[in-house]
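To find a chain, count down the sequence lines: A is the first, B the second, and so on, and within it residues start at 1.
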Protein chains: 2
Amino acid sequence: MDDGWQIPTVAVTVDLVVLTIRDDQLQVLLVERGIEPYAGKLALPGGFLASETEDIDAAAGRELTEETGLRAKHTHLEQVRTYGAPHRDPRRRVITIGYLAILPNLPEPQAGGDARAVRWTPVGQTLRRRNSLAFDHTRVLSDAVERARAKLEYTTLATAFCGPAFTVADLRHVYEIVWGERLDPRNFHRKVTSVENFLVPTGEHTTKDGGRPAALFRRGTAQTLYPPIMRG
Amino acid sequence: MDDGWQIPTVAVTVDLVVLTIRDDQLQVLLVERGIEPYAGKLALPGGFLASETEDIDAAAGRELTEETGLRAKHTHLEQVRTYGAPHRDPRRRVITIGYLAILPNLPEPQAGGDARAVRWTPVGQTLRRRNSLAFDHTRVLSDAVERARAKLEYTTLATAFCGPAFTVADLRHVYEIVWGERLDPRNFHRKVTSVENFLVPTGEHTTKDGGRPAALFRRGTAQTLYPPIMRG
DNA sequence: ACAAAAGTGTTCGTTCTACACCCATGC
DNA sequence: GCATGGGTGTAGAACGAACACTTTTGT
């Protein structure tokens, strides 16, 4: 074994799948690459570890802040998986750790500190076209979206797409758009309001909608949904 | 940005959580460390990438073969998550990718090609004691075991603990031991036999048991269970 | 015959689904 | 009043838990 073998080291990046709902679509934050390889192609935002001692979760939070101007603390941010095929970056060996971030629909387009061209893009069309993204980012996006879809079933993750106060209909729209299927408004209402500590009434109500004002809620302390809300 | 900054590189290991059922207990394969840090302590088997171009899944398969003598091809082996706290290894920066492997109970103790002292250890007592494992391996083990427990609910993973032919009771014992709870034999039988392509009858039956011979099955092609088999 | 484990049938209560219906607002 | 969406009630289907019961072996 000990025949002068040196421990190999590799470069490490974090790549972010930042999801939100805009214009009744599930959208992902993409950047246009300015340099080779894949110059001009769209890619997930991300980057190398800033130093040999930067924590990987901290690196993901730092990238999120750089791209969106938001603090990671108030955002859902979780690791999905790591991609380490040898030639996924043609320049050199790079493994990347994929993260899923979920934001509410922001009033203004993100004003990142970074000068790169950054844009919201519908997830559906991005996944439908092969090779629409640089590197293996289509796979990274696909895995993260599937994670999000699955977690809506048995966790309270859907509230991460909503602002501080939201209606039951807002929450239902999250499910409908992320899953791409219609849910019965009446049964959905009963399900979510009967889970303990999922939704906390603020006492406020919406105004100026087409119909009866809806009660406003904020996130409760519950992290898991039991019973789960299942897809079709 | 481009002020002479060098891309930092880090060492990468894969660590394996190899689970099996022995003596009616969920057990994990551990090695006794021979060198500092944590010399004499138990740790998960694993090791550094063999070269700068080794695929990480291939590295996990290689480590599995080195430790158990088994080909990864016939074993369930999946990535769980990556651990990258800066000082998780006191010597140098190392990030590790945790993998979950599941084996049937082997007739003989594993005869690995590696000379290190390797042993099966019950998972329950290992997780109960803090600091029973080196590095952050208690966390890695915990995450992998929770992954296995969760996947029994909605996938056919339980068959990975069984040999090529098994009875419904064998499969139920897997669930009972991994989950640590009793299941009704009659209802369990109905559930698993009614999932399409989960269990394929071999036509053979057990002999020399206390009661009526049980039909033998082998794995079918189904990967997911619908409806799921839920924990309490 | 008896014990033991495999496998089937049945009952009962819960949950899901579909939809009728009432409520509260803007116009 | 009427349209619009919020929210509640309810009947029927589907599902799961509990358990009586039958089947097939070994001793």
Side-chain angles (χ1 to χ4, degrees), chain A residues 24 152-154 158-159 162-163 165-177 179 181-196 198-218 220 222 224-232, chain B residues 24 152-154 158-159 162-163 165-177 179-196 198-218 220 224-232:
Chain A
D24 289 337
L152 291 200
E153 290 191 328
Y154 60 94
T159 60
C162 300
F166 53 89
T167 67
V168 172
D170 292 336
L171 192 66
R172 180 166 48 82
H173 290 321
V174 170
Y175 277 86
E176 291 183 333
I177 287 163
W179 284 350
E181 65 185 51
R182 291 300 218 166
L183 300 174
D184 184 291
R186 290 85 57 121
N187 293 333
F188 183 84
H189 187 282
R190 214 187 334 253
K191 277 187 188 177
V192 297
T193 54
S194 64
V195 175
E196 294 285 308
F198 182 17
L199 304 180
V200 180
T202 65
E204 308 280 308
H205 288 258
T206 54
T207 61
K208 293 185 192 277
D209 270 335
R212 171 176 170 177
L216 284 167
F217 297 87
R218 54 182 171 76
T224 61
L225 294 185
Y226 196 81
I229 301 173
M230 303 289 278
R231 286 177 278 187
Chain B
D24 288 338
L152 291 199
E153 290 190 328
Y154 60 94
T159 60
C162 299
F166 53 89
T167 68
V168 172
D170 292 336
L171 192 65
R172 179 166 48 83
H173 289 323
V174 170
Y175 277 86
E176 291 183 333
I177 288 163
W179 283 351
E181 65 185 50
R182 289 300 217 167
L183 300 174
D184 184 291
R186 289 89 54 130
N187 293 334
F188 183 85
H189 188 282
R190 215 187 336 251
K191 277 187 189 177
V192 296
T193 53
S194 65
V195 176
E196 294 285 306
F198 183 17
L199 303 181
V200 179
T202 64
E204 308 281 307
H205 288 257
T206 54
T207 60
K208 292 186 193 277
D209 270 334
R212 171 177 169 175
L216 284 167
F217 297 87
R218 54 182 171 75
T224 61
L225 293 184
Y226 195 81
I229 301 173
M230 304 288 277
R231 287 178 276 188

Pair B:R231 + B:E181, salt bridge at N-O below 4.0 Å: no

With a 4.5 Å cut-off on side-chain heavy atoms, are A:V192 and A:I229 touching? yes

Name the first nucleotide and the last nucleotide along DNA chain D (5' to 3') that come under 4.0 Å of a heavy atom in chain A. D:dT4 to D:dT10

Quick one: B:R190 CZ to C:dT8 C1', roughly how many Å, whole number? 7 Å

Do the side chain of B:T206 and the main chain of B:A214 share a donor and acceptor less than 3.5 angstrom apart? yes

Would you say the side chain of B:F217 lies within less than 4.5 Å of the side chain of B:T202, judging by non-hydrogen atoms? no

CG of B:N187 versus P of C:dA6: gap in Å, rounded? 15 Å

Any side-chain N or O of A:K191 under 4.0 Å from OP1/OP2 of C:dT17? yes

Protein proximity profile, nucleotides 20-27 of chain C - base contact B, sugar-phosphate-only contact S, no contact -, cut-off 4.0 Å on heavy atoms: B--BBB--

Roughly how many Å is it from CE in B:M230 to P in C:dT14, rounded to a whole number? 18 Å

Take the protein atom CZ of A:R231 and the nucleotide atom C1' of C:dC16, then report the distance between them rounded to whole Å. 18 Å

A:Y154 vs A:T224 side-chain heavy atoms within contact, under 4.5 Å: no

Ring centre gap for B:Y175 and B:F188 strictly below 6.0 Å: yes

Report the distance from atom CG of B:D184 to atom C1' of C:dG9, rounded to the nearest whole Å. 13 Å

Between C:dG7 (P) and B:L199 (CG): distance, integer Å: 11 Å

B:L216 CG to C:dA5 P, in whole Å, measures 17 Å

Indicate yes or no: at least one non-hydrogen side-chain atom of A:F166 is less than 4.5 angstrom from one of A:V174. no

If you look at every strand shown and take non-hydrogen atoms under 4.0 Å, does B:P185 touch a base, only sugar-phosphate, or nothing? nothing

Taking A:T167 for its side chain and A:L216 for its backbone only, find out whether a donor-acceptor pair lies under 3.5 Å. no

When you compare the side chain of A:L225 with that of A:F198, does any pair of heavy atoms fall below 4.5 Å? yes

Would you mind reading off the distance between A:L225 atom CG and C:dC16 atom C1', rounded to a whole angstrom? 16 Å

